[in-house]
Amino acid sequence: MEFSIKQGSPEKLKSGCVVVGVFDGGKLSTAAQVLDKAAKHALSDVIERGDMTGKSASTLLLHKLPGVAAERVLLVGLGKASELNHKTSLEILGATFSALNATPAKDATLYIVDEGVGKDAAWVIKQAVFTAAEQAFRADGMKSKPSKPATLKSIAFATLEKPAAALKNVLDQTAATARGMELTKTLGNLPGNICTPSYLAAKALALGKAHKNIKTTVLDEKAMQKLGMGSLLSVTRGSEQPAKLITMEYSGAAKTQKPIVLVGKGITFDSGGISLKPGPEMDEMKYDMCGAASVLGTLQAIAEMGLKLNVVGVIPTCENLPGGKATKPGDIVTSMSGQTVEILNTDAEGRLILCDALTYSKKFNPDTVIDIATLTGACVIALGHVASGMFANEDKLAVELLAAGEQSHDRIWQLPLWEDYQPLLDSNFADMANIGGRAGGTITAACFLARFTKDYRWAHLDIAGTAWKSGKEKGATGRPVPLLTQYLINRAAAK
Ligand code: BES
Ligand code: MN
Ligand code: ZN
């Protein structure tokens, strides 16, 4: 999909469809008024007849209007200007692209940036691009007869007045972000029998091949053993698939600049291990590598943008399966940090692979480390499918992440990392247990990780509720690629 920004009069720009807004009560937006005049009041006629009332997210398609260069005109209801908010704006964008995708138009010109649809012009453009990309995304590549690709290939955001120069950059960065999300979604949706740790490693190596400034290296189990990653390796023991530790180093700035390290949980299937999960919806545990997939998607996006920043992606990846060699409840392992862990539940495996990856991350002398993980079912209970959980050991980092979440509409909510929760991880036999009981399950998981991240600025994102959708709409969402890229864009701009 191609995106551009144009300035021009709506009747003059040629395309398969021109989109203009109509407010509640049939009040034409500025662009619609210009179009109406050129089309001998065809729009006001339609409104007078009652076919378009301006109701929020309603649409009406008109064909071949006199005096209009575009083949079609799509009227989109914007509702009451005073009632436009992020939710109604997204509904309007969803309806707009659904209507466009129902036509054979290959390209479209949208006059929505000027109309206050959303917080500001940049916000509207970002969400429009994400909506368009989401609707064009196909998840049925493994069906014997996959559905047809979307016909809509090119979208222009048009304004009557000269658009702000900064919008072009916003658009290009958002398009790169959308392509990153597409990679994340594709990897997330792949089944566990295809998307194995070796498959993720191959994808990371391919990303390194495709971009000169990404260097990928993959460590095998022997190398991890040498590094003392007893915690990570304990998770893979029941699996026939070899575990991998992937690192992708993106160099966009001087070597002396400390990197931001992104650590993504890459459990390509989480059965729970010996602490086996119940059957229903267990298939969804193929999504337990969505943190890893978001790191790949984010690195691809920032490499396409050429962000002037150093970023390292670290992906610990393996399967969590039961078996004769599998780790058992009660087993005690030694992590790379030297701290020992009593594994009371083999289903709390994410923290076991992350803690060694977090210790390993020290070698990059990081400015900041952010881990991304589908870590706890409790996070889905706490925040549902709207916000990802966020923890940070520094307030400034938390504030910056919260802001990036708002800017990209990939929102997060901060939870406490207070010491008061730490005793829940006490063990009689090891330095800590890997679970803290049912209460505050998301927090005790973060507290576990906090014991391995004391030497640097760190944030943890629990994306268990936001990385994929269940039920009829089952599929990966591409989150939190928008959040991460926005944070990195902001960091690059602050340099
Ligand atoms: N990958 C799961 C977390 C998860 C569960 C994400 C359901 C999304 C939906 C994680 O490895 C896990 O199993 N966590 C356990 C931890 C518990 C044993 C302390 C959980 O949340 O039940
Ligand atoms: Mn688990
Ligand atoms: Zn898991």
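First listed ligand is number 1; within each ligand, the first listed atom is number 1.
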Colleague: Are there over 12 heavy-atom neighbours, none belonging to K286, within less than 6.0 Å of that residue's NZ?
Modeller: yes
Colleague: Show, in sequence, the C-alpha distance, side-chain angles and deciding distance for K185 and E134, and conclude whether the salt bridge (Lys or Arg N to Asp or Glu O under 4.0 Å) test is met.
Modeller: CA-CA 10 Å; K185 287 191 256 189; E134 170 65 22; 2.6 Å; yes
Colleague: Report yes or no: do T485 and Q173 form a side-chain donor-acceptor pair below 3.5 Å?
Modeller: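 Q173 and T485 do not have a side-chain donor-acceptor pair below 3.5 Å.
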Colleague: Does any N or O atom in T376 lie less than 3.5 angstrom from one in ligand 1, N or O only?
Modeller: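 N/O-N/O distance under 3.5 Å: no.
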Colleague: Give the residue and atom name of whichever protein heavy atom lies nearest to atom 19 (C) of ligand 1, and the separation in Å to one decimal.
Modeller: I435 CG2, 3.4 Å
Colleague: For ligand 1, note which part of L375 has a heavy atom under 4.0 Å away: side chain, backbone, both or neither.
Modeller: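 The part of L375 near ligand 1 is the backbone, not the side chain.
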Colleague: Are any side-chain N or O atoms of K153 and backbone N or O atoms of A150, one a donor and one an acceptor, separated by less than 3.5 Å?
Modeller: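 Between the backbone of A150 and the side chain of K153 there is a qualifying donor-acceptor contact (under 3.5 Å).
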Colleague: Tally of protein N/O/S atoms under 2.8 Å from the Mn ion (ligand 2)?
Modeller: 4
Colleague: Please state which part of E284 comes within less than 4.0 Å of ligand 1, counting heavy atoms only: side chain, backbone, both or neither.
Modeller: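 Under 4.0 Å from ligand 1, E284 contributes no heavy atoms.
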Colleague: Quick check on contacts: which atoms of ligand 1 are under 4.0 angstrom from a heavy atom of A464?
Modeller: 6 (C), 8 (C)
Colleague: Heavy-atom distances under 4.0 Å decide this one: backbone, side chain, both or neither, for D347 against ligand 1?
Modeller: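 Within the 4.0 Å criterion, D347 contacts ligand 1 through backbone and side-chain atoms alike.
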Colleague: Quick test: of every protein heavy atom, which one is nearest to atom 7 (C) of ligand 1, and how far off is it to 0.1 Å?
Modeller: M285 CE, 3.6 Å
Colleague: Distance only, no hydrogens: is a donor on one side chain within 3.5 Å (strictly under) of an acceptor on the other, for N345 and S275?
Modeller: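 A donor-acceptor contact under 3.5 Å links the two side chains.
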Colleague: Return the set of protein N, O or S atoms whose distance to the Zn ion (ligand 3) is under 2.8 Å, each given as residue and atom.
Modeller: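 Less than 2.8 Å away from the Zn ion (ligand 3) sit K265 NZ, D270 OD2, D288 OD2, E349 OE2.
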Colleague: Got a salt bridge between R179 and E304, using NZ or NE/NH1/NH2 to carboxylate O under 4.0 Å?
Modeller: yes
Colleague: Provide the closest heavy-atom pair for A133 versus A178 in the form atom of the first, atom of the second, distance.
Modeller: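 Taking every non-hydrogen atom into account, CB-CB, 3.9 Å.
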Colleague: Take the angle between the ring planes of W123 and H409 and call it parallel below 30°, perpendicular above 60°, tilted in between.
Modeller: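 Rings of W123 and H409: perpendicular, over 60°.
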Colleague: As a test of the contact definition, would atom 22 (O) of ligand 1 count as having a protein heavy-atom neighbour under 4.0 Å?
Modeller: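 Neighbour list for atom 22 (O) of ligand 1 is empty of protein heavy atoms (cut-off 4.0 Å).
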Colleague: So do I443 and P416 actually touch side chain to side chain, heavy atoms under 4.5 Å?
Modeller: yes
Colleague: In the protein, which heavy atom is nearest to atom 1 (N) of ligand 1, and how far is it?
Modeller: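 Nearest protein contact, heavy atoms only, for atom 1 (N) of ligand 1 is D288 OD1, 2.8 Å.
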Colleague: Just distances here: any N/O of R351 and N/O of ligand 1 closer than 3.5 Å?
Modeller: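 No - when backbone and side-chain N and O of R351 are compared with those of ligand 1, no distance drops under 3.5 Å.
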Colleague: What part of K265 sits under 4.0 Å from ligand 1 if we count only heavy atoms: the side chain, the backbone, both or neither?
Modeller: side chain
Colleague: Around atom 8 (C) of ligand 1, find the nearest protein heavy atom and jot down its residue, atom name and distance.
Modeller: W468 CH2, 3.4 Å
